[in-house]
Amino acid sequence: MTIKMTLQHKLLLSGLLLSAASVTQVQAEENNQVLGGTINGNLTFASDYVFRGESETLDGDVPVVQGTLGWGNDDGWYGGVFASNIKFADPNLEIVTAPFIGKAGEFGDSGITYDVMVFSYLYPGASYSNYTELWLKVGKQFGQANIQLEVTPTIDDWFGVDGWQGVNYAIHPSYEFSNGVNLSGSVGYQDLDGEGAEGWGHWNLGISKTYVGLKFDLRYHGSTVDETHKVYGTQTEIFDDRFVIGVSKSF
């Protein structure tokens, strides 16, 4: 019965994301202006879903289909929802949906950009794990290179664990070559405070390229988590170094 329900959830998620992508494409063809902004979307198929060094699919046990349906305007305001299938030891954690809202722009004519976003992680059937983060980013373009600095604190209890608070600190450099190949990476530290909590370092490095309207991404992920980690010591395999390949389409 559990296997059957899991399959149904995945099929439902895939159908919803594909439907959303189709609707978004039609709206784009109709000059998709809504409330002074533009509807946009993204659909991704990948071999795993790695978040700050952690496999969200129980060590790459299943591939993922992910989608984002959003809205944005010329003033930099945006919002939308992200969704993905996931897999954890807790069988109730099968899907994550994440509504978000934010504002992006530039500090005057400095060339320094900012992005402030509230992002909520909601788990249907496992609401006890819900939590929200405040994403704060600043960035700067240097020719073909870009660098972004991120500070992302939790607004409520991290992953629903009573008394746990976290802040993710990260730097995200990238460089786009003249042939369209993009080299990008991230180095960060997920700080975690609370009884029995312990933070960890994480990083990734990858290349991406858009071809025939599809974006292909190959990325290597790693972390500092090992069998001595206070939080993940019994399941460190979900933090094993790994390659992830993904294909996405934006609408």
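Owing to the predicted nature of the structure, the values given are computational and were not obtained by experimental measurement.
Glu133 contributes no side-chain N or O that, together with a main-chain N or O of Trp135, makes up a donor-acceptor pair within less than 3.5 Å. Using a distance-only test at 3.5 Å, with no hydrogens or angles considered, no donor-acceptor pair links the side chain of Ser129 to the main chain of Gly160. The backbone N or O of Gly60 lies less than 3.5 Å from a partner atom in the side chain of Ser55, making a donor-acceptor pair. Formation of a donor-acceptor pair under 3.5 Å by the Asp48 side chain with backbone atoms of Val50 is not found in this model.
Inter-residue side-chain proximity for Trp164 and Leu192 is flagged as met; some heavy-atom pair is nearer than 4.5 Å. Looking only at side-chain heavy atoms (C-beta outward), His202 and Gln190 come within less than 4.5 Å of each other. No side-chain heavy atom of Glu150 sits under 4.5 Å from any side-chain heavy atom of Leu136. Proximity of Arg52 to Thr152: side-chain heavy atoms (C-beta onward) are separated by under 4.5 Å at one or more points. Looking only at side-chain heavy atoms (C-beta outward), Lys87 and Glu94 stay at 4.5 Å or farther from each other. Gln66 places a side-chain heavy atom less than 4.5 Å from the side chain of Tyr49. Contact of the Leu134 side chain with the Val116 side chain is registered, since non-hydrogen atoms from C-beta on lie closer than 4.5 Å. In this structure, Leu218 and Phe243 have side chains that are in contact, with non-hydrogen atoms separated by less than 4.5 Å.
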For a side chain to side chain contact (heavy atoms under 4.5 Å, CB included) check, start with the C-alpha distance between Val151 and Val167, then their side-chain angles and the critical distance, and finish with the verdict. CA-CA 7 Å; Val151 178; Val167 182; 3.9 Å; yes
How far apart are the C-alpha atoms of Leu183 and Phe177, what are their side-chain angles, what is the distance that settles it, and do they pass the side chain to side chain contact (heavy atoms under 4.5 Å, CB included) test? CA-CA 8 Å; Leu183 176 66; Phe177 295 92; 4.0 Å; yes
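Remark: of the listed residues Tyr123, Tyr232, Tyr128, Tyr123 is the sole one forming a ring pair (Phe, Tyr, Trp, His ring centres under 6.0 Å) with Phe159.
Asp59 has a carboxylate O that lies under 4.0 Å from a charged side-chain N of Arg242, or vice versa, which qualifies the two as a salt bridge.
Aromatic pair Tyr169/Tyr189: centroids not less than 6.0 angstrom apart.
Here the straight-line distance linking atom CD1 of Ile95 with atom CG of Leu122 works out to 12.5 Å at 0.5 Å rounding. With rounding to the nearest 0.5 angstrom, the NE2 atom of His172 is 4.5 Å from the OG atom of Ser186. Considering CH2 of Trp77 and CG of Leu35, their distance stands at 15.0 Å, rounded to 0.5 Å.
Minimum interatomic distance between Ser208 and Asp217 (heavy atoms only, all atoms of both residues): CB-OD2, 3.4 Å. When all heavy atoms are compared, the tightest approach of Ser184 to Asn182 is CB-OD1, 3.5 Å. Heavy-atom minimum distance, Leu214 versus Lys249: CD2-CB, 3.9 Å.
Between Phe100 and Phe119, the angle of the ring planes stays under 30°, which puts this pair in the parallel group of the 30/60° scheme.
Other residues, nucleotides and ligands contribute over 12 non-hydrogen atoms within 6.0 Å of the CH2 atom of Trp71.
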